[in-house]
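Please read the structure below before turning to the comments.
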Amino acid sequence: MFNFEKQEVWHKAIDFADAVYSITRAFPDDERFGLTSQMRRAAVSISSNIAEGSARHSRDDYAHFLEIATGSLFEVVSQATISKRQGFLSETDYKRLYEAAEVQSRMLSGLRKALGFS
């Protein structure tokens, strides 16, 4: 087992990506290369950056990858807002993603603080 697989923050990021994939399946076909693709790539980037950062030998590098993961998380929130406004995303699914993003954000922030960063 790799170190990152022991972290709850990584498991939550995988769950978040699963939710994004599930929700975007209902998006219009003409959004396949637009919001669907962007949201999915950003969601996958969260867990990927947590994993990659955990392999770094310095806390600074790890913290940098956690910042990138947080940025990707915020991208999904922004894209979800656009999707909701365009009628691709229901209010219920939007709230589900938004609440999961809030949890993920707190976990990423907590990990950065545990590394000695604010």
Checklist line | Verify same cluster id: Y98, L73 (apolar side-chain graph, 4.5 Å) | finding: yes
Next item on the list: Decide side chain to side chain contact (heavy atoms under 4.5 Å, CB included) for M39 and I23; before the verdict, give the C-alpha distance in whole Å, the side-chain angles of both, and the deciding distance to 0.1 Å.
Entry: CA-CA 10 Å; M39 287 179 74; I23 287 169; 5.9 Å; no
Check: Are more than 12 heavy atoms from other residues, nucleotides or ligands located less than 6.0 Å from atom CG of D30?
Finding: yes
Note to self: How long is the straight-line distance from CD1 of I50 back to CD of Q104, given to the nearest 0.5 Å?
What the structure shows: 5.5 Å
Notebook entry, point to check: Pairs in or reaching into residues 26-55: which pass ring-ring contact (aromatic ring centres under 6.0 Å, His included), with residues at least two apart or in two chains?
Noted result: F27-F88
Notebook entry, point to check: In chain order, what residues pass the side chain to side chain donor-acceptor pair (under 3.5 Å) check against T92, with sequence neighbours excluded?
Noted result: none
Check: If you round to the nearest 0.5 Å, how far is OG of S48 from CD1 of I68?
Finding: 11.5 Å
Margin query: Using side chain to side chain contact (heavy atoms under 4.5 Å, CB included), reason through L111 and Q7 one step at a time and then give a plain yes or no.
Written below: CA-CA 10 Å; L111 183 51; Q7 297 177 353; 4.1 Å; yes
Notebook entry, point to check: Just wondering, do S105 and F74 contact through their side chains at under 4.5 Å, heavy atoms?
Noted result: yes
Notebook entry, point to check: Is the shortest heavy-atom distance from the side chain of M1 to the side chain of K6 under 4.5 Å?
Noted result: yes
Notebook entry, point to check: Could you go step by step and tell me if F117 and D60 meet the side chain to side chain contact (heavy atoms under 4.5 Å, CB included) rule?
Noted result: CA-CA 9 Å; F117 298 88; D60 287 343; 2.8 Å; yes
Margin query: Within the 4.5 Å heavy-atom criterion, are V9 and L66 side-chain neighbours or not?
Written below: no
Next item on the list: Inspect the contact between R112 and E67 and indicate whether a charged nitrogen and a carboxylate oxygen are less than 4.0 angstrom apart.
Entry: yes
